[in-house]
There are 2 protein chains.
Amino acid sequence: MTSTAPSDAVLGPAPDPAPEEALTPAGERLLEAASALFYRRGIRAVGVDLIAETAGTTKKTLYDRFGSKDELVARYLRRRARVWRAFLRAGMSDAPLGPGRPAAVFDVLEAWLREQDRGCAFVNAYAEVGGTDHPAVAEIRAEKQWMLRYLVALVAEAGVPDADRVGTELHLLYEGATVLATAAGVVDAPARARAAALRVLAV
Amino acid sequence: MTSTAPSDAVLGPAPDPAPEEALTPAGERLLEAASALFYRRGIRAVGVDLIAETAGTTKKTLYDRFGSKDELVARYLRRRARVWRAFLRAGMSDAPLGPGRPAAVFDVLEAWLREQDRGCAFVNAYAEVGGTDHPAVAEIRAEKQWMLRYLVALVAEAGVPDADRVGTELHLLYEGATVLATAAGVVDAPARARAAALRVLAV
DNA sequence: ACGTAACCACACCGGTCGGTATACTCGCAG
DNA sequence: CTGCGAGTATACCGACCGGTGTGGTTACGT
């Protein structure tokens with residue numbers, strides 16, 4: 001593809017596809033309403049009655065489309081991963097090439113967190129379903145793994161040596177920045193992480 | 001005091017006291033049961049009936065002692081902060097002096113996470129109550145701020161320049177390691193963070 | 001003309017939620 | 001001896017939980 005994303009050669013068989021099964025109009029409204037509510041208030045705090053009402057439809061339709069609340073939660077996370085990846089790739093297309101390029105991820109993160117003030121939906125979801133066999137657990141693991149792979153590939157393409165180690169360290173900074181910006185209210189956490197990233201990249 | 005903890009001179013008026021109001025025996029059992037259940041399963045997933053039953057007492061006693069579930073949650077977090085700080089200080093007493101000393105925090109974190117497999121109780125709690133006026137929010141903010149101050153003081157005492165900036169970067173790595181070790185299942189995240197910390201400390 | 005997928009309105013289910021009320025027993029300090 | 005704080009046992013409250021069932025209305029493809 002283009003230089004705006006790590007290549008498949010580095011990433012291995014792109015673990016991204018899964019073309020998102022189509023939804024009926026009411027199903028779409030339900031997923032939209034559920035996503036907003038789950039993210040803002042948490043999963044267990046939101047009942048299926050509220051979701052159906054917000055979507056302007058009924059519980060019957062919700063269960064016809066998604067089967068269970070748990071599956072709806074998994075769908076919510078799967079879609080959110082797709083949205084974040086699109087946002088990230090779009091933001092990275094502006095970033096200049098060179099060894100400092102991976103640090104641009106933190107600029108994208110900063111912009112993202114300006115709108116997404118409840119932090120990482122996956123970390124939040126894991127707080128509620130971790131340690132169970134909830135179908136969301138797999139989506140959470142997948143997202144974190146994807147992000148690590150993306151960062152490692154970015155570092156490798158930037159020509160920085162030791163891509164595996166450096167990519168992992170960027171991942172640590174990325175997660176730390178998200179958590180501190182949100183739970184601790186440290187608004188400049190992404191900027192701080194970006195500065196640290198440049199040092200880790202030895203630029 | 002001793003060299004096992006940042007001094008008050010660096011930390012400012014130690015924000016640690018609050019001697020923990022005493023509890024009756026039944027109250028103690030309730031808080032103990034609630035702590036274990038909240039941490040393992042999440043706050044909203046645990047009902048007051050289960051807490052009372054696990055503690056071998058009744059809901060009546062729970063509400064006599066704590067007034068509400070929300071207050072019990074806040075107490076749970078307040079106590080947990082105290083336990084973590086004691087664990088941290090005890091672990092740091094073994095760490096050698098010198099510019100690499102702050103990195104020992106990640107050894108302590110690794111040991112802590114070997115037993116605490118649901119990650120950071122404060123991050124998890126924030127996922128459930130963030131964005132509300134829940135009394136737990138203040139405890140969460142306080143814990144994160146305490147940890148930042150502790151790290152900055154550690155860095156300063158180790159004689160590393162730019163303590164404020166470096167302490168913040170260690171904080172990012174610390175939070176990142178906790179989140180990745182838990183939600184992403186990256187078991188060596190604390191070790192990776194420790195290595196990155198040494199580089200940030202320019203040792 | 002017929003089947004069917006999508007949707008809506010609404011009623012219903014057992015169970016659990018946080019929280020309150022009543023009534024009783026015990027040990028202890030005045 | 002009395003009063004009180006602590007605790008136990010149990011019943012109750014309205015609200016909400018996730019999930020199901022019934023019946024009826026459109027619109028569309030064959």
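In what follows, chains are A, B, ... by sequence order, proteins preceding strands, each numbered from 1. Please read all numbers here as calculations on a predicted model, not as lab measurements. Worth knowing before you read on, the calculation uses all heavy atoms, side chains too, and leaves out hydrogens, waters and symmetry mates.
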Would Y174(B) and V179(B) count as a side chain to side chain contact (heavy atoms under 4.5 Å, CB included) if you check the C-alpha gap in whole Å, the side-chain angles of each, and the deciding distance to 0.1 Å?
CA-CA 9 Å; Y174(B) 161 83; V179(B) 138; over 6 Å; no

Could you give me the CA-CA distance, side-chain angles and deciding distance for E143(B) and R80(B), then say whether salt bridge (charged side-chain N to carboxylate O under 4.0 Å, His left out) is met?
CA-CA 10 Å; E143(B) 165 61 15; R80(B) 191 167 174 96; over 6 Å; no

Let me see the working for L88(A) and Y150(A) under side chain to side chain contact (heavy atoms under 4.5 Å, CB included), right down to the final yes or no.
CA-CA 10 Å; L88(A) 177 57; Y150(A) 182 86; 3.6 Å; yes

With the criterion being N/O to N/O and under 3.5 Å, what pairs connect the protein with nucleotides 14-18 of chain D, and how long is each?
| from | atom 1 | to | atom 2 | distance (Å) |
| --- | --- | --- | --- | --- |
| dG18(D) | OP1 | K69(A) | NZ | 2.6 |
| dG18(D) | OP2 | V48(A) | N | 2.8 |

Output a table of nitrogen or oxygen pairs between the protein and nucleotides 28-30 of chain C separated by less than 3.5 Å.
none

Are any protein N/O atoms closer than 3.5 Å to N/O atoms in nucleotides 5-8 of chain D? If there are, list each pair with its distance.
| from | atom 1 | to | atom 2 | distance (Å) |
| --- | --- | --- | --- | --- |
| dG7(D) | OP1 | T24(B) | OG1 | 2.9 |
| dG7(D) | OP1 | A26(B) | N | 3.0 |
| dG7(D) | OP2 | T24(B) | OG1 | 3.0 |
| dG7(D) | OP2 | R65(B) | NE | 2.8 |
| dG7(D) | OP2 | R65(B) | NH2 | 3.3 |
| dT8(D) | OP1 | R29(B) | NH2 | 3.3 |
| dT8(D) | OP2 | T57(B) | OG1 | 2.3 |

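The side-chain contact (heavy atoms from CB on, under 4.5 Å) search around A189(B) returns L172(A), A177(B), L180(B), A181(B), V186(B), not counting sequence neighbours.
Sorted by first and then second residue, the salt bridge (Lys or Arg N to Asp or Glu O under 4.0 Å) pairs with a member in residues 177-197 of chain A read D107(A)-R194(A), D188(A)-R192(A); sequence neighbours excluded.
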Enumerate donor-acceptor pairs with a distance under 3.5 Å from any side-chain N or O in residues 38-47 of chain A to protein atoms, sequence neighbours excluded.
| from | atom 1 | to | atom 2 | distance (Å) |
| --- | --- | --- | --- | --- |
| Y39(A) | OH | Q116(A) | O | 3.1 |
| Y39(A) | OH | R118(A) | N | 3.1 |
| Y39(A) | OH | G119(A) | N | 3.0 |
| Y39(A) | OH | G119(A) | O | 2.7 |
| R40(A) | NH2 | D117(A) | OD1 | 2.2 |

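For the pair R101(B) (side chain) and M92(B) (backbone), a donor-acceptor distance under 3.5 Å is present.
For the pair L62(B) CG and dA21(C) P, the interatomic distance rounds to 16 Å; values are reported in whole Å. To the nearest angstrom, P of dA9(D) lies 12 Å from CD of E53(B).
In this structure, R75(B) and E139(B) have side chains that are not in contact, with every pair of non-hydrogen atoms separated by 4.5 Å or more.
Atom OG1 of residue T57(A) and atom CG of residue L30(A) lie 5.5 Å apart, to the nearest 0.5 angstrom.
Heavy-atom contacts from other residues, nucleotides or ligands closer than 6.0 Å to CD of E28(B) number more than 12.
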